[in-house]
Amino acid sequence: MDIGTGLALLGSSPLVIKLLGPSAEYIGESLRHQTEKGLNNLKNIFSIATERLGNRIETEGAVPPKVLRGILIEGPYCDDPLSAEYFGGVLASSRSGVSRDDRGTTFIALLSRLSTYQIRS
């Protein structure tokens, strides 16, 4: 990955490179790594949710936007397998035919506040 690609998110690449110098490459690589890791964590949560739904995934229903928002915000940082199971379970159980049923947001907020050790206990 070149420096400009990694820092395009931060604004004008030449300006950022001029400002940060060699550190610009470090930040670009770090952003790329964190993005890949976060996407893999989200993929894992969605796979868990799909597995938990089983055949019920074929029925009518959807996940409310507030629940999805919580998963998309917290999920990329969820690299603990047990935590991913909990987030996947909340995602799966939030899928329903009632669009306003966003009770899963409460559980996502709770899980977000707990440490990995607290979740394990």
Side-chain angles (χ1 to χ4, degrees):
M1 168 185 257
D2 65 57
I3 296 171
T5 304
L7 294 172
L9 297 173
L10 298 177
S12 174
S13 294
L15 180 62
V16 173
I17 293 168
K18 191 172 187 177
L19 175 67
L20 299 178
S23 296
E25 186 173 351
Y26 171 77
I27 291 173
E29 282 299 313
S30 179
L31 283 172
R32 184 186 62 77
H33 175 72
Q34 283 300 109
T35 302
E36 285 177 5
K37 187 174 181 180
L39 287 174
N40 285 333
N41 290 342
L42 278 173
K43 188 182 198 181
N44 187 31
I45 291 170
F46 277 80
S47 294
I48 290 167
T50 302
E51 184 179 314
R52 285 183 179 248
L53 281 169
N55 292 336
R56 291 178 293 154
I57 201 163
E58 301 301 328
T59 62
E60 275 298 309
V63 173
K66 282 179 73 173
V67 174
L68 181 59
R69 180 193 64 175
I71 295 293
L72 293 176
I73 290 171
E74 296 297 328
Y77 304 100
C78 182
D79 53 2
D80 175 62
L82 185 58
S83 297
E85 287 287 339
Y86 275 99
F87 279 103
V90 171
L91 181 61
S93 66
S94 295
R95 188 176 184 277
S96 77
V98 181
S99 62
R100 67 180 185 278
D101 185 6
D102 59 0
R103 291 178 282 179
T105 57
T106 304
F107 295 107
I108 292 170
L110 173 63
L111 288 168
S112 300
R113 288 191 308 267
L114 296 175
S115 71
T116 302
Y117 294 115
Q118 289 171 316
I119 290 173
R120 288 192 175 279
S121 65

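What you see below is based on every heavy atom in this structure, not just the backbone, and it leaves out hydrogens, waters and symmetry mates.
Atoms CZ and OG, from F107 and S112 in turn, are 13.0 Å apart once rounded to the nearest 0.5 Å. One distance of note links CD1 of I108 with CG of L91; it measures 7.5 Å at 0.5 Å rounding. Here the straight-line distance linking atom CG of L68 with atom CG of L72 works out to 4.0 Å at 0.5 Å rounding.
For residues 86-96, no residue pair satisfies the salt bridge (charged side-chain N to carboxylate O under 4.0 Å, His left out) rule, not counting sequence neighbours. The stretch residues 62-81 participates, sequence neighbours left out, in these salt bridge (charged side-chain N to carboxylate O under 4.0 Å, His left out) pairs: K37-D79, K66-D102, D80-R120. Residue pairs meeting the salt bridge (charged side-chain N to carboxylate O under 4.0 Å, His left out) criterion with at least one member in residues 103-112, sequence neighbours excluded: D101-R103. Applying the side chain to side chain donor-acceptor pair (under 3.5 Å) rule to pairs touching residues 41-53 yields R52-E85, sequence neighbours excluded.
Taking hydrophobic clusters as Ile, Leu, Val, Met, Phe, Trp and Tyr residues chained together by side-chain heavy-atom distances below 4.5 Å, L39 does not share a cluster with I73. Linking ILVMFWY residues whenever their side-chain heavy atoms come closer than 4.5 Å, directly or via other members, places V63 and V90 in the same cluster.
At least one side-chain heavy atom of L42 sits under 4.5 Å from a side-chain heavy atom of I71. Using a 4.5 Å heavy-atom threshold, the side chains of S83 and Y77 count as separate.
Checked against side-chain contact (heavy atoms from CB on, under 4.5 Å), R113 has the following partners two or more places apart in sequence or in another chain: A109, L110. Every residue was checked against the salt bridge (Lys or Arg N to Asp or Glu O under 4.0 Å) condition with E60, not counting sequence neighbours, and none meets it. For Y86, the side-chain contact (heavy atoms from CB on, under 4.5 Å) partners are L82, L111, I119, not counting sequence neighbours. For S115, the side-chain contact (heavy atoms from CB on, under 4.5 Å) test picks out Y117, Q118, with sequence neighbours left out.
Nearest approach of A49 to A92, heavy atoms of both residues: O-CB, 3.6 Å. Minimum heavy-atom separation, C78 to I45: CB-CD1, 4.1 Å. The two residues V67 and S94 come nearest to each other via the heavy atoms CG1-OG, 3.5 Å.
Through direct or indirect side-chain contacts shorter than 4.5 Å among Ile, Leu, Val, Met, Phe, Trp and Tyr, L53 is connected to I57.
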